[in-house]
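Sequence lines set the chain letters: A, B, ... in the order given, protein chains first and strands last, and positions in each chain run from 1.
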Protein chains: 2
Amino acid sequence: MAGVTIQHVAQAAGVSPTTVSNLLNGRANQMLPETRQRVEAAIERLGYRPNRAARHLRTGRSRTVGLVVPSVGNPFWGTFARYLEAAALTEGYNVLLCNSERDPDRERRYVEELWSDGVQGVVLCSSLPSLEHVMPLMDRGLQIVAFDRAAQANDADSLVSISIDNAVGSQLATTHLTSLGHRRLAFVSGALGSINRKERYRGFTAALEQAGLSTENTLWPGASGEQFGDVETAELGRRAARELLATDDPPTGIVAINDMCALGVCRGVRDAGLEVAKDVSVVGFDDIVLADLYDPPLTTVRQPMPEMAKAAIAELKSRVEGPGTGQGRSLLLRPELVVRQSSAPPRG
Amino acid sequence: MAGVTIQHVAQAAGVSPTTVSNLLNGRANQMLPETRQRVEAAIERLGYRPNRAARHLRTGRSRTVGLVVPSVGNPFWGTFARYLEAAALTEGYNVLLCNSERDPDRERRYVEELWSDGVQGVVLCSSLPSLEHVMPLMDRGLQIVAFDRAAQANDADSLVSISIDNAVGSQLATTHLTSLGHRRLAFVSGALGSINRKERYRGFTAALEQAGLSTENTLWPGASGEQFGDVETAELGRRAARELLATDDPPTGIVAINDMCALGVCRGVRDAGLEVAKDVSVVGFDDIVLADLYDPPLTTVRQPMPEMAKAAIAELKSRVEGPGTGQGRSLLLRPELVVRQSSAPPRG
DNA sequence: GTGAAAGCGCTAACAT
DNA sequence: ATGTTAGCGCTTTCAC
């Protein structure tokens, strides 16, 4: 039996659809206990499940939020998805997970699809500097929380941004190295195209300046002009490390744009016949599961995922359920340095 | 404007809703080019998007398949999700991704939710030996493809199973080691609770027997009675390696239940002051992204993800669109050994 | 305490 | 080539 409807239940219980609906929507108190039991029995017996499409069509509401991530293949996003789902579930929401593959067009199509699916709130993890491709939907009332992307001047008024303070994060990482005594540092990244990357680099240079070190020639030159996926980022790190360590005055400490990249850097260090920590300290960013599993375990900057996920859902919930379109705001959480064994004082 | 409906478009274009609907549903040819343009212009101008709930309610169809995975935090599943989505997209389907956290109850709830959302086909990645918790839905017409789980005798008649041949896979891995000359092998795994694990162990012992080796004491004794998550699996591997290598007659080759576990084993080998490949060969299973990134790169058994994803969608599609409930079937794809640097001939 | 009836936005016969 | 109409399953006034 594909289609057990509320009518069938009503008939089986000898009541009207209204009564069944009342029971379904928490108005059970206004009916005789006996009636209630009859209805409940009928629901059970027939295996009735309300049709969400009909329900949604009728009410215009939907207890679902969308989550658009650049790539579910990346553990960072997979982990975030889990936390967001957990946070959503506690608030009575479901999460619809979409994978943009970093394609702006797919991103837009997904958000549009979610909107026309009745989803009123979306957590958008976009690497794009401009969110104008979803502006039309926001104008129509779609609530968007941009995650892992700091607010921009030309963002929509109602946009909520949640991210860590990337500059602080990489400052933490960099200062960790300078405090250990490193004087010659390098920053390894793919193209500094995204806001995050720029911020991380900014934190890196800020920390250097604070330590009285020159920022010249600290950005790995191969970092510009290229765009990399997640796997390629590791390869990039590997190449960067090899090249950097082959120079006259090689760095003793390397700050990588993220953990994938840092893992690659570690590989490159070994390729160069050197040892991570002993010869070259490496610090990553994100604290993916593998950071702790790697050999040596990676010193990295952890994003407070559970808090961020909770905040994202809270924002969405209050805006979707609350009155009117709230003003935009930006929430910058403080990341945390996790010191493991890939960083140590420089040799000699 | 939240609610631009087909009526608004019709009115704006000076036509009836039918005409708009016709255009929307690929019946554009049966109207005057001029009419068509007027309608298209109106749609564009009003920013109209069809309401999926209404559409679905009306047609009873839904171009969405569900994907239930044990954990999106695990790269293995993240990767599969990407391939499945790609395969679905080419067939005009969307994928709804759900995360069961290996909780049978969540698994059931998700599948029920998908069903009441109008989803007619689900790819279920369940580690459970019995799928009876989704049987009622299958009886109602829900099509299920069980992924990464070999068919069982008490499965529903219409169940489709897609997985690799796990026994063949670990036989491949094990024979690789025996061919290299290893005579003392060990198999490291968490509890042999799932079908897959049992199959992999079976392949392991089969390969040993084929090589004329004893299977006694080859299963790491700590492997029984415990259930492990993904992170813990690595820790388990590490512990297993340390314990195994501390015995009188330590193995020179270790086959791990999966890559996470293998990574842990590698760590354990180092903990014991030994070197992977040189002293102990390690082979994993799954070929996660990190297998290639690790140092040394991990020899492992690759699952043909794209093919499996395509097959899953093809099965679902033909069953959802085709007539009647198809008979169940089981598709066992052949895995492939990927030889990297974590395996080598034994010392001396 | 319970029921009748209208309508959410859309599609697909069935007219014309 | 285009329009009229009925109804998908549900919720929610408004009656009784």
Side-chain angles (χ1 to χ4, degrees), chain A residues 1-40 42-43 46-64 113 115-120 140-141, chain B residues 1-40 42-43 46-64 113 115-120 140-141:
Chain A
M1 302 284 171
V4 181
T5 78
I6 201 170
Q7 302 279 355
H8 298 135
V9 176
Q11 202 161 0
V15 297
S16 79
T18 306
T19 303
V20 182
S21 174
N22 281 338
L23 178 59
L24 254 37
N25 293 285
R27 285 182 289 270
N29 47 328
Q30 65 180 225
M31 72 185 71
L32 256 33
E34 180 203 295
T35 312
R36 176 191 179 146
Q37 291 200 342
R38 270 214 320 285
V39 177
E40 279 170 344
I43 288 178
L46 272 52
Y48 168 71
R49 314 230 72 220
N51 179 321
R52 304 256 296 243
R55 186 175 255 188
H56 167 218
L57 178 59
R58 180 58 233 241
T59 62
R61 283 178 262 113
S62 148
R63 300 289 289 177
T64 301
E113 219 159 73
W115 174 247
S116 69
D117 251 344
V119 168
Q120 304 183 72
R140 287 206 173 75
Chain B
M1 302 286 171
V4 181
T5 77
I6 201 171
Q7 301 280 354
H8 299 137
V9 176
Q11 201 160 2
V15 296
S16 80
T18 306
T19 304
V20 182
S21 174
N22 280 338
L23 178 59
L24 255 37
N25 293 286
R27 287 182 287 270
N29 48 329
Q30 64 179 227
M31 71 187 70
L32 256 32
E34 180 203 292
T35 313
R36 175 188 178 148
Q37 292 200 342
R38 271 214 320 285
V39 177
E40 280 170 343
I43 288 177
L46 272 52
Y48 167 72
R49 312 229 74 222
N51 179 319
R52 303 255 296 242
R55 188 176 253 186
H56 167 219
L57 178 59
R58 178 59 232 238
T59 60
R61 283 179 260 110
S62 148
R63 301 290 288 178
T64 301
E113 219 159 73
W115 174 246
S116 70
D117 252 343
V119 169
Q120 304 184 73
R140 287 206 174 72

Checklist line | Side chain of Arg58(A) - closest among dT11(C), dG9(D), dT11(D) | finding: dT11(D)
Item checked: Minimum-distance nucleotide (side-chain atoms of Asn25(A) versus dT11(D), dT11(C), dT2(C)) -> dT11(D)
Check: Can you find a side chain N or O atom of Thr35(B) that sits less than 4.0 Å from OP1 or OP2 on dT2(D)?
Finding: yes
Margin query: Regarding Thr5(B), tell me which of base, sugar-phosphate or nothing describes its non-hydrogen contacts under 4.0 Å with the strands shown.
Written below: sugar-phosphate
Checklist line | Pair of N/O donor and acceptor under 3.5 Å linking dT12(D) base with Thr18(A) side chain | finding: yes
Item checked: Derivation and outcome, side-chain contact (heavy atoms from CB on, under 4.5 Å), residues His56(A) and Thr64(A) -> CA-CA 11 Å; His56(A) 167 218; Thr64(A) 301; over 6 Å; no
Next item on the list: Please report, rounded to the nearest Å, how far the C1' atom of dA12(C) is from the CD1 atom of Ile6(B).
Entry: 12 Å
Item checked: Separation of atom CZ in Arg27(A) from atom P in dG3(C), rounded to whole Å -> 15 Å
Check: Is a side-chain donor or acceptor of Arg38(A) paired with a backbone partner of Val15(A) at a separation under 3.5 angstrom?
Finding: no
Notebook entry, point to check: Counting side-chain heavy atoms from C-beta on, which of dT2(D), dG9(D), dT2(C) comes nearest to Asn51(A)?
Noted result: dG9(D)
Checklist line | Earlier contact from the 5' end, DNA chain C, for Thr59(A) and Arg55(B) | finding: Thr59(A)
Margin query: Restricting to non-hydrogen atoms, name the atom on Glu113(B) and the atom on Arg52(A) that form the minimum distance, rounded to 0.1 Å.
Written below: CG-NH1, 3.0 Å
Notebook entry, point to check: Between dC10(D) atom P and Arg63(A) atom CZ, what is the distance in whole Å?
Noted result: 19 Å
Next item on the list: Go through Asn22(B) and Val39(B) one step at a time and tell me if the side-chain contact (heavy atoms from CB on, under 4.5 Å) criterion holds.
Entry: CA-CA 11 Å; Asn22(B) 280 338; Val39(B) 177; over 6 Å; no
Margin query: Students often get this wrong, so: under 4.0 angstrom with heavy atoms, is Asn22(B) touching a base, only sugar-phosphate, or nothing?
Written below: nothing
Check: Taking atom C1' of dC10(C) as reference, at what distance in whole Å does atom NE2 of His56(B) sit?
Finding: 12 Å
Next item on the list: Starting at atom CZ of Arg49(A), determine the distance to atom C1' of dC10(D), rounded to an integer number of angstrom.
Entry: 15 Å
Note to self: If you compare all heavy atoms of Ala10(A) against all heavy atoms of Ser16(A), which two are closest, and at what distance to 0.1 Å?
What the structure shows: CB-C, 3.6 Å
Note to self: For a quick check of understanding: with a heavy-atom distance under 4.0 Å over all strands, which category does Leu57(A) fall into, base, sugar-phosphate or nothing?
What the structure shows: base
Notebook entry, point to check: For the pair made of CZ in Arg52(B) and P in dG9(C), what is the distance, rounded to whole Å?
Noted result: 17 Å
Checklist line | Nearest-angstrom distance from the residue atom CG of Leu23(B) to P of dT11(C) | finding: 11 Å
Next item on the list: Write down the distance between CD (Gln37(B)) and P (dA1(D)), rounded to a whole number of angstrom.
Entry: 16 Å
